[in-house]
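These notes are about the structure you will find just below.
Naming convention: chains lettered A, B, ... in sequence-line order (proteins, then strands); numbering from 1 in each chain. What you see is a predicted model; the values in this text were computed from it and never measured.
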2 protein chains.
Amino acid sequence: MPAQPIPPAIPEAGPSFSPLYRQIKGLIIAGLQGGEWKAGESIPSEIELAQRFGVSQGTVRKAIDELAAENLLVRRQGKGTFVATHAEQQQQYRFLRLMPDEGQDPGLGRQLLDCKRQRAPAWIAKQLQMRAGDAMVEVRRLLHSAGRPVVLDDIWLPGNLFKGLTTERLSQHRGPFYGLFETEFGVHMIRAQEKIRAVAADAETAALLQVAEGTPLLSVERLSFTYGDKPVELRRGLYNTSTHFYRNDLN
Amino acid sequence: MPAQPIPPAIPEAGPSFSPLYRQIKGLIIAGLQGGEWKAGESIPSEIELAQRFGVSQGTVRKAIDELAAENLLVRRQGKGTFVATHAEQQQQYRFLRLMPDEGQDPGLGRQLLDCKRQRAPAWIAKQLQMRAGDAMVEVRRLLHSAGRPVVLDDIWLPGNLFKGLTTERLSQHRGPFYGLFETEFGVHMIRAQEKIRAVAADAETAALLQVAEGTPLLSVERLSFTYGDKPVELRRGLYNTSTHFYRNDLN
DNA sequence: GAGTGGTCTAGACCACCAC
DNA sequence: TGGTGGTCTAGACCACTCA
């Protein structure tokens, strides 16, 4: 009697078959994760990658297509394929959905309020997959539009990934934080989840945003991930939506 | 002296070159728009479409790939390619991003409050590309979770597209409104824009949502489009976010 | 087993960019 | 002019569904 194949202890939910182009995709992600190509740089041409991996150009192309659709890579005809970055003009504030009621450009100014190292409380540690009490960096800042404060951000980062992060470093830097994180700490934010609620401004928040206590604010809690679905930033923004709104496109 | 080519009066922003697969895509969209294939039905196979349009299967495939990425079509291996619909279990509430703090499934109950024909005020007419005073249908309803009201929706529809829409018709129908709109009125919602704000509950809203007046609520204003970027629904939802949140994924 | 979508290949040619 | 990504084709074979 032939031996029965051993069934897996837990029924697998994953795909039973992995096409070649997905394996190639995994190899390219590994290169990105390992720092073989840095943010803003070009990766090798499709033909070169095809030769390296021993597959056809079309297979590499399909792998890159998916990575471009996920905004990990950017294709530029005639020039090459580049590692996506948050530092460029066009990609600035890629994750910020705040829009002014009038006009197009957010055009926001930044004001750093605080940056200190703390021990992570349990509710933050859990989301960042750390242990309660682990080292953590806490940043607080305001975003201004036309001179008026619109957003109050609290940002929490794992201390071990952002060792040299100081108030000085942050205030000297131009452009979005995520650009600094890429160049200085090698941390790429590639994906995020936001939980949005309406809350009432407490006294401290009201003072900072120059609104009355109890004013309804948009609470935007964002958990950002790097390669391998590893959470590396927790952020809570409080938005004054009297002159701005959060824009979302559905399809 | 050779004649100069005449420059366009307005510099064209559009693409100077339209590949074959985009033209095929346009033909398929025209078929969808014209009702050749209805919501939930299958479209002809790739091979059949390739013969009909006189191109290779690969070209049809690329056109369908884009339409599937935009959620206009759904591919099912071994079965065929189907016109996307809001009426199916898996696709139910495709545009609703509300999630409970505990658990996964929203599991919402519906309560129809009102449905009447009105003349469109200017601010609604403008967004629906109608004239102020044109016929309009106004619907008001509540969504409940575990017996408690969570969402108050006001929905405005162009009167000429929804001629037979009555309270009876709406209350008898099971499943999402968008499913009814597809089957009864041939209107497919394929895309939407949302503007999200935090607002304070007024007296009437507070009573309906069973919260205190002034409670912060999420205001979600949604403009939905059908084929050809034609706006066909304006909706304003007021969400009580004490036990639920609006979820958004960024990448 | 027939029909569907999904993968992979090889090759030709086009559009765009930089030198 | 050469290199890059972008399009299009033709054909082989694989995975999935259903009768």
**Request:** Check whether the side chains of B:Y178 and B:E233 place a donor and an acceptor atom closer than 3.5 Å, and report yes or no.
**Result:** yes

**Asked** Are a donor atom and an acceptor atom from the side chains of B:Y246 and A:N248 found within less than 3.5 Å of each other?
**Response** yes

**Complete:** Paired to C:dC19 by Watson-Crick or G-U wobble criteria (both distances under 3.5 Å) is none

**Item:** Interatomic distance where CG belongs to A:L49 and C1' belongs to D:dG3 [whole Å]
**Value:** 15 Å

**Prompt:** Which heavy-atom pair separates A:R75 from A:A68 by the least distance, and what is that distance?
**Reply:** CG-CB, 4.0 Å

**Message:** Closer than 4.0 angstrom, basic N to acidic O: yes or no for A:K38 and A:E182?
**Reply:** no

**Item:** A:L108: which of A:S145, A:P176, A:P100 passes side chain to side chain contact (heavy atoms under 4.5 Å, CB included)
**Value:** A:S145

**Request:** Quickly work out the A:E46 CD to D:dG3 C1' distance and round it to whole Å.
**Result:** 12 Å

**Prompt:** For A:D65 and C:dT7, what is the distance between atoms CG and C1' respectively, to the nearest whole Å?
**Reply:** 14 Å

**Rounded interatomic separation in angstrom, taking NZ from A:K25 and C1' from C:dT7** = 15 Å

**Prompt:** Can you tell me if the side-chain N/O atoms of B:K62 get under 4.0 Å from OP1 or OP2 in D:dC8?
**Reply:** no

**Prompt:** Where along nucleotides 9-19 of chain C does protein come under 4.0 Å, by heavy atom, of base (B) or sugar-phosphate alone (S), with - for untouched nucleotides?
**Reply:** B-----BBSS-

**Request:** Could you tell me whether the phosphate oxygens of C:dT4, OP1 or OP2, come under 4.0 Å of any side-chain nitrogen or oxygen in B:T81?
**Result:** no

**Item:** Spacing of B:R75 atom CZ relative to D:dT17 atom P, expressed in whole Å
**Value:** 15 Å

**Item:** Test log, rule ring pair (Phe, Tyr, Trp, His ring centres under 6.0 Å), inputs A:Y93 and A:H86
**Value:** CA-CA 7 Å; A:Y93 297 119; A:H86 290 258; over 10 Å; no

**Fill in**
Separation of D:dT4 atom P from A:Q51 atom CD, nearest Å, is 10 Å

**Prompt:** Taking CZ from A:F82 and C1' from D:dG3, how many angstroms apart are they, rounded to a whole number?
**Reply:** 12 Å

**Prompt:** Would one find a side-chain N or O of B:R76 under 4.0 angstrom from OP1 or OP2 of C:dT4?
**Reply:** no

**Prompt:** Okay, side chain of B:R94, backbone of A:N251: is any donor-acceptor separation there less than 3.5 Å?
**Reply:** yes

**Separation of D:dT7 P from B:R61 CZ (nearest whole Å)** = 16 Å

